[in-house]
Amino acid sequence: MTSSFQIFEILDVLDSLKHLKRTGWVNCGVPEPETVACHMYRMAVLAMTLEGQIDGLDTVRAVKMALVHDIAESIVGDITPHCGISNQDKFDLESQGSLNPVSNSTSVFKFQAIKRIATYVPNVGEEWIMLWREYEEAASLTARVVKHLDKFDMIAQAEKYEQTHGINLQQFFTSTSGVLTMEPFLTWDRELREKRNQRINQ
């Protein structure tokens, strides 16, 4: 362990993610919504189950990517498409460090959030940065798989919240229609939507 490893700073990052409620659910009035850490954990476990299911997939790398893909949100918050920020602006905000909390502009600081977090864990920090960039750019099979996991986990959670709380979260199913194109996600998506339709039509 190096002397520059900053255990308490990384604990603060992880604590923030454990308690940061996902914006999409908050905006829809979901009681006790999941946190960013909950979302990443389930994605990571699902990634483990893909061992042997997708040719060429490095499942260990997929698990790691799932666990760091939203880590910058510990600094910038959980930004959704409904926040009025484009995907490119979100990428810039997360990589540069922060929104201006006073305005709706995309003012940013020079220091990059993900790089700041990486300095707390110098033994693995560069790997975290590479995993995060790879995910954001969808530059590999692993990244595309993890992006599919991200979308599938969202609609699976939406279905669970509809069942549990009796609310309508159609917007999440509409926004992901036709987005999942790889197996086994294509099959999972079809089965989930069929299950939901059967429940709604009962």
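Note that the numbering runs from 1 along the sequence shown for the chain.
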Checklist entry - If we ignore angles and hydrogens, is there a donor and acceptor under 3.5 Å between the side chains of Glu183 and Thr187? => result yes
Checklist entry - Which heavy-atom pair separates Gly24 from Phe172 by the least distance, and what is that distance? => result O-CZ, 3.9 Å
Checklist entry - With under 30° as parallel and over 60° as perpendicular, where do the rings of Trp25 and Tyr161 fit, or are they tilted in between? => result perpendicular
Checklist entry - Yes or no on side chain to side chain contact (heavy atoms under 4.5 Å, CB included) for Leu180 and Trp188, after CA distance, side-chain angles and deciding distance? => result CA-CA 9 Å; Leu180 301 179; Trp188 295 356; over 6 Å; no
[X] side chain to [Y] main-chain N or O, any donor-acceptor pair under 3.5 Å?
X	Y	answer
Ser140	Ala143	yes
Thr142	Ala62	no
Asn201	Asn197	yes
Glu126	Pro122	no

Checklist entry - Side chains of Leu17 and Asp70: closer than 4.5 Å at any heavy-atom pair? => result no
Next on the checklist: Are Phe152 and Leu186 packed together at the side-chain level, in the sense that at least one heavy-atom pair is separated by less than 4.5 angstrom?
Outcome noted: no
Checklist entry - Measuring from Ile129:CD1 to Glu127:CD, what's the distance to the nearest 0.5 Å? => result 11.0 Å
Item to check | Atom pair NZ/CD of Lys64 and Glu134 - distance to nearest 0.5 Å | outcome: 12.0 Å
Checklist entry - Should Glu162 and Arg196 count as an ion pair when the cut-off is N to O under 4.0 Å? => result yes
